[in-house]
Visitor: 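Mind looking over this structure? Questions follow.
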Amino acid sequence: PIIYQRLGVLYGERREYEKSVLTLSKAITLDPSNARSYLNRGVSYALTEQHQPAVNDFRAALSHGLPAADEQRARQGLSLELLKLRAYDSCATESALLARAFPSAPEGYFYGGTALLNLGRVPEAAAELRKAVEIDPSNGNAWFNLSIALVKSGNTAESEQAARAA
């Protein structure tokens, strides 16, 4: 199974995502508990805008256990794909897990804050998005979403500052 996993990763690196998915599927058939094969197939699905299969694979990867760096990639991928699917409740939940496990990673706060904003939970969204821009002040999307949250909460002066930072 390891040869299929490595070959699947190589195909992914070469942007041959269909071959990557097929090869990693073979690795998973041979070893259904291989978390890294699920993770890498999830990445290939995500890069081809196949959001639900990506979500399924990221969840499978996490259920089989991963080293910390791979766990972070899987949690980030899962949160982003849930956001793309507009599964905002699930995204907020998964993003909170990401932020708790990896507090220095801005993605958990950004994805979670964006999901919360879409759910109309504006004060919570603003708090998460503030954390995202504190960690990564260059994240224009986080600044933009923060400016929206601040407008919705009636804080126009601070919203203008956030919009300029975007």
Side-chain angles (χ1 to χ4, degrees), residues 1-121 124-125 127-136 138-142 144-145:
I2 193 72
I3 189 86
Y4 290 106
Q5 180 187 335
R6 289 183 180 161
L7 186 57
V9 169
L10 180 64
Y11 282 134
E13 289 171 352
R14 292 171 43 187
R15 297 181 180 175
E16 297 180 52
Y17 301 120
E18 188 174 320
K19 287 181 181 179
S20 176
V21 166
L22 291 172
T23 307
L24 290 163
S25 295
K26 179 70 172 175
I28 290 167
T29 299
L30 295 171
D31 182 4
S33 65
N34 188 326
R36 282 198 171 133
S37 292
Y38 285 106
L39 171 61
N40 289 310
R41 189 175 71 174
V43 169
S44 289
Y45 279 135
L47 291 170
T48 55
E49 302 298 321
Q50 297 180 63
H51 307 300
Q52 192 59 57
V55 164
N56 296 343
D57 275 0
F58 290 137
R59 284 186 169 145
L62 290 165
S63 75
H64 292 294
L66 291 162
D70 288 339
E71 179 188 348
Q72 184 175 353
R73 284 181 59 216
R75 290 199 181 283
Q76 287 173 343
L78 177 57
S79 294
L80 178 58
E81 294 305 304
L82 288 167
L83 190 60
K84 288 179 179 180
L85 285 169
R86 296 186 172 121
Y88 299 127
D89 281 319
S90 295
C91 178
T93 300
E94 292 297 335
S95 296
L97 293 172
L98 171 59
R100 194 169 325 139
F102 303 97
S104 64
E107 294 84 359
Y109 305 107
F110 173 62
Y111 300 148
T114 302
L116 292 165
L117 185 60
N118 280 284
L119 289 168
R121 294 164 53 185
E124 293 170 85
E128 292 299 297
L129 292 163
R130 283 183 201 280
K131 290 176 191 171
V133 299
E134 285 173 17
I135 296 168
D136 181 7
S138 68
N139 186 334
N141 291 327
F144 180 77
N145 288 356

Visitor: Mind checking what makes side-chain contact (heavy atoms from CB on, under 4.5 Å) contact with Val133, not counting sequence neighbours?
Guide: Ala142, Trp143, Leu146
Visitor: side-chain contact (heavy atoms from CB on, under 4.5 Å) for Arg6 and Asn40? Distances and angles first, verdict last.
Guide: CA-CA 10 Å; Arg6 289 183 180 161; Asn40 289 310; over 6 Å; no
Visitor: Go through it in stages, so that I can follow the logic: the residues are Arg59 and Leu82, the test is side-chain contact (heavy atoms from CB on, under 4.5 Å), and I'd like the CA-CA distance, side-chain angles, deciding distance and then a yes or no.
Guide: CA-CA 11 Å; Arg59 284 186 169 145; Leu82 288 167; 4.0 Å; yes
Visitor: Which residues pass the salt bridge (charged side-chain N to carboxylate O under 4.0 Å, His left out) test with Arg130, not counting sequence neighbours?
Guide: Glu158
Visitor: Output every pair passing salt bridge (charged side-chain N to carboxylate O under 4.0 Å, His left out) with a member in residues 28-46, not counting sequence neighbours, ordered by first then second residue.
Guide: Arg36-Asp70, Arg41-Asp57
Visitor: Taking side chain to side chain donor-acceptor pair (under 3.5 Å) as the definition, give me every residue that meets it alongside Glu13, ordered by chain and number, with sequence neighbours left out.
Guide: none
Visitor: Specify the closest pair of heavy atoms between Leu66 and Ala74, including all atoms of both residues, with the distance to one decimal.
Guide: CD1-CB, 3.8 Å
Visitor: Drop me the distance from Leu83's CG to Leu78's CG, to the nearest 0.5 angstrom.
Guide: 11.0 Å
Visitor: Output every pair passing ring-ring contact (aromatic ring centres under 6.0 Å, His included) with a member in residues 74-104, not counting sequence neighbours, ordered by first then second residue.
Guide: none
Visitor: Using atom types as modelled and distance alone, determine if a side-chain donor or acceptor of Ser20 lies under 3.5 Å from a backbone N or O of Val9.
Guide: no
Visitor: Considering only residues two or more places apart or on different chains, which pairs with a residue in residues 2-28 satisfy ring-ring contact (aromatic ring centres under 6.0 Å, His included)?
Guide: none
Visitor: Using the test ring-ring contact (aromatic ring centres under 6.0 Å, His included), find all partners of His64 that sit at least two apart in sequence or belong to another chain.
Guide: Tyr38
Visitor: Could you measure the distance from the CD atom of Glu71 to the CG atom of Leu98? Nearest 0.5 Å is fine.
Guide: 9.0 Å
Visitor: Rounded to the nearest 0.5 Å, how far does CZ of Arg15 lie from OG of Ser44?
Guide: 12.0 Å
Visitor: Look only at the side chain of Ser63 and the backbone of Ala60, and say whether a donor-acceptor pair between them is shorter than 3.5 Å.
Guide: yes
Visitor: Mind running side-chain contact (heavy atoms from CB on, under 4.5 Å) on Val55 and Gln52 for me, showing each step along the way?
Guide: CA-CA 5 Å; Val55 164; Gln52 192 59 57; 3.8 Å; yes
Visitor: Tell me, please, which residues at least two apart from Lys19 pass side chain to side chain donor-acceptor pair (under 3.5 Å).
Guide: Glu16
Visitor: With rounding to the nearest 0.5 Å, note down the distance linking CG in Leu129 to CG in Asn141.
Guide: 10.5 Å
Visitor: Does any non-hydrogen side-chain atom of Thr93 lie less than 4.5 Å from one of Asp89?
Guide: no
Visitor: I'd like to know whether CD of Glu49 has more than 12 heavy-atom contacts from other residues, nucleotides or ligands below 6.0 angstrom.
Guide: yes
Visitor: For atom CD1 of Ile3, decide whether the heavy atoms of other residues, nucleotides or ligands shown that lie under 6.0 angstrom number more than 12.
Guide: no
Visitor: Using a strict cut-off of less than 4.0 Å between a Lys/Arg side-chain nitrogen and an Asp/Glu carboxylate oxygen, indicate whether Lys131 and Glu134 qualify as a salt bridge.
Guide: no
Visitor: Can you list everything that forms a side chain to side chain donor-acceptor pair (under 3.5 Å) with Thr48? Sequence neighbours excluded, please.
Guide: Gln50
Visitor: Output every pair passing salt bridge (charged side-chain N to carboxylate O under 4.0 Å, His left out) with a member in residues 90-112, not counting sequence neighbours, ordered by first then second residue.
Guide: Arg75-Glu94
Visitor: What is the distance from atom SG of Cys91 to atom CD of Glu81, rounded to the nearest 0.5 Å?
Guide: 10.5 Å
Visitor: Rounded to the nearest 0.5 Å, what separates atom CG in Leu22 from atom NZ in Lys26?
Guide: 11.5 Å
Visitor: Apply side chain to side chain donor-acceptor pair (under 3.5 Å) to Ser104 and list each qualifying residue two or more places apart in sequence or on a separate chain.
Guide: none
Visitor: Which pairs would a plain distance check flag for residues 109-116, meaning a side-chain donor or acceptor within less than 3.5 Å of a matching protein atom at least two apart in sequence or in another chain?
Guide:
{"from": "Tyr109", "atom 1": "OH", "to": "Pro103", "atom 2": "O", "distance (Å)": "3.2"}
{"from": "Thr114", "atom 1": "OG1", "to": "Phe110", "atom 2": "O", "distance (Å)": "2.8"}
{"from": "Thr114", "atom 1": "OG1", "to": "Asn145", "atom 2": "ND2", "distance (Å)": "2.9"}

Visitor: State, to 0.1 Å, how close Ile135 and Pro106 come at their nearest heavy-atom pair, and which atoms those are.
Guide: CG2-CD, 3.7 Å
